[in-house]
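Structure, as structure tokens:
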Amino acid sequence: MLREALEGRAPNRKGWVRANCPWCEDRIGKPDRKQCLGFNAISGRWHCFRCGIGGRTDVDEEQVLLFDEEAIKAERVVMEPPESFMPLYEEPGWSSWEGHVPRAYLRGRGIDDDLGFDAGIGACYEGRAKKRVVVPIFAADQKTWMGWSGRAWFPGARQKYLYPTGMDREALLYKHDALLIESDDPVFVVEGVFDALAFWPDAVAVLGKPSEGQIEALIVAKRPVVVALDGDAWREGDALALRLRFEGQRAGALRLPPGKDPDEMVDWVRAEGRKSL
Ligand SMILES: [Zn+2]
């Protein structure tokens, strides 16, 4: 199906090919006419920012030969777990002594062992993501890494959050599959992965501010959408909910107090979320 969808399309310099996603109709009930599927002929990674399906295929010679080899070398981005990544809630990380500090940090942020396991959270002790807990961002197959978010567990880090080079934040949603569950219970739209973890499994994170591609995915969600951005972004939240309603989605927005994030007031957000619809 992937091959047919991509037939006859020319990739750009970075190896990306866009096409209408052949899975959208099955997954969200509406065909894709906006070329939401991206396939990277260099890495073999592919992903639809509308229905969230994605994974990785083997790239054959023929595909690679379509490109200028120099360009390929320059742009080659392989999205893998960061160097020294160790899962914290399964072996060998589970019983390693180094795991105590990051697990304690996570517990302090309300992430218990079951949630940590379900979300595949790990930690790094060396390399670029050293001393960070790493939350993987998976494709729909729940195993292909599309990216990750690394949070420093020590105070005073110059960059609290770290993302991998080459990760297309605007084309990804953390926990995209939450949009595909048919339900009257709302899904919450939050900014960061830790906010989404606090509402697990009922939230997606936009990893910053909502992008056009992400909004496309929210429009076709199979459940009502409650926008719960950080307290200082309530205007953007209101505008987003308005836009979603205009597009026919059931949507509401919450105004959190200034300086507050949704993971600091989970019960309030859950209760008010329903009322906002
Ligand atoms: Zn799709």
Side-chain angles (χ1 to χ4, degrees), residues 1-12 14-59 63 77 79 119-120 136-149 166-183 185-190 193 196 201-227 240 243-251:
M1 232 153 133
L2 186 63
R3 189 169 278 274
E4 279 117 69
L6 299 169
E7 196 83 59
R9 289 179 181 274
N12 70 10
K14 294 187 177 186
W16 284 102
V17 191
R18 281 184 68 174
N20 285 329
C21 168
W23 288 279
C24 268
E25 187 156 15
D26 257 11
R27 287 164 64 80
I28 54 184
K30 289 168 196 158
D32 171 26
R33 301 188 210 287
K34 294 189 177 171
Q35 308 211 342
C36 297
L37 182 83
F39 169 72
N40 191 294
I42 300 163
S43 67
R45 269 185 302 133
W46 56 277
H47 171 246
C48 169
F49 61 67
R50 190 159 170 264
C51 74
I53 198 167
R56 182 177 229 162
T57 56
D58 288 333
V59 177
Q63 275 163 345
V77 175
M79 199 62 63
I137 302 168
F138 291 123
D141 61 3
Q142 297 301 319
K143 61 175 196 225
T144 303
W145 286 64
M146 302 300 293
W148 46 265
S149 172
M167 176 176 127
D168 191 355
R169 251 196 279 181
E170 299 194 346
L172 287 175
L173 273 168
Y174 177 64
K175 192 89 179 88
H176 192 132
D177 57 288
L179 300 181
L180 305 179
I181 296 162
E182 225 163 310
S183 170
D185 287 330
V187 62
F188 296 93
V189 179
V190 296
V193 292
D202 295 319
V204 294
V206 293
L207 311 167
K209 299 289 178 245
S211 71
E212 279 305 308
Q214 292 167 337
I215 293 169
E216 201 52 46
L218 298 173
I219 290 170
V220 296
K222 293 180 168 182
R223 54 200 291 196
V225 176
V226 172
V227 184
L240 175 55
R243 164 117 182 250
L244 294 174
R245 283 200 295 270
F246 179 75
E247 299 276 1
Q249 181 59 281
R250 277 178 73 194

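Order of listing sets the numbers, starting from 1, for every ligand and every atom in it. Side chains included, hydrogens not; waters and symmetry mates left out as well; all remaining heavy atoms used.
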Is the side chain of [X] donor-acceptor paired with the backbone N or O of [Y] at a distance under 3.5 Å, no angle test?
| X | Y | value |
| --- | --- | --- |
| Gln214 | Leu172 | yes |
| Gln249 | Ile219 | yes |
| His176 | Arg50 | yes |

Aromatic ring pairing Trp23/Trp46, orientation class (parallel under 30°, perpendicular over 60°, tilted between):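 The rings of Trp23 and Trp46 lie parallel, inter-plane angle below 30°.
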Cut-off under 2.8 Å, centre the Zn ion (ligand 1), protein N/O/S atoms: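 Cys21 SG, Cys24 SG, Cys48 SG, Cys51 SG, with waters left out.
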With Lys30 via side chain to side chain donor-acceptor pair (under 3.5 Å) - residues at least two apart: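 In terms of side chain to side chain donor-acceptor pair (under 3.5 Å), with neighbours along the sequence ignored, Lys30 is linked to no residue.
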For the student: nearest non-hydrogen atoms of Gly120 and Pro136, plus distance: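 Here Gly120 and Pro136 meet closest at O-CG, 3.2 Å.
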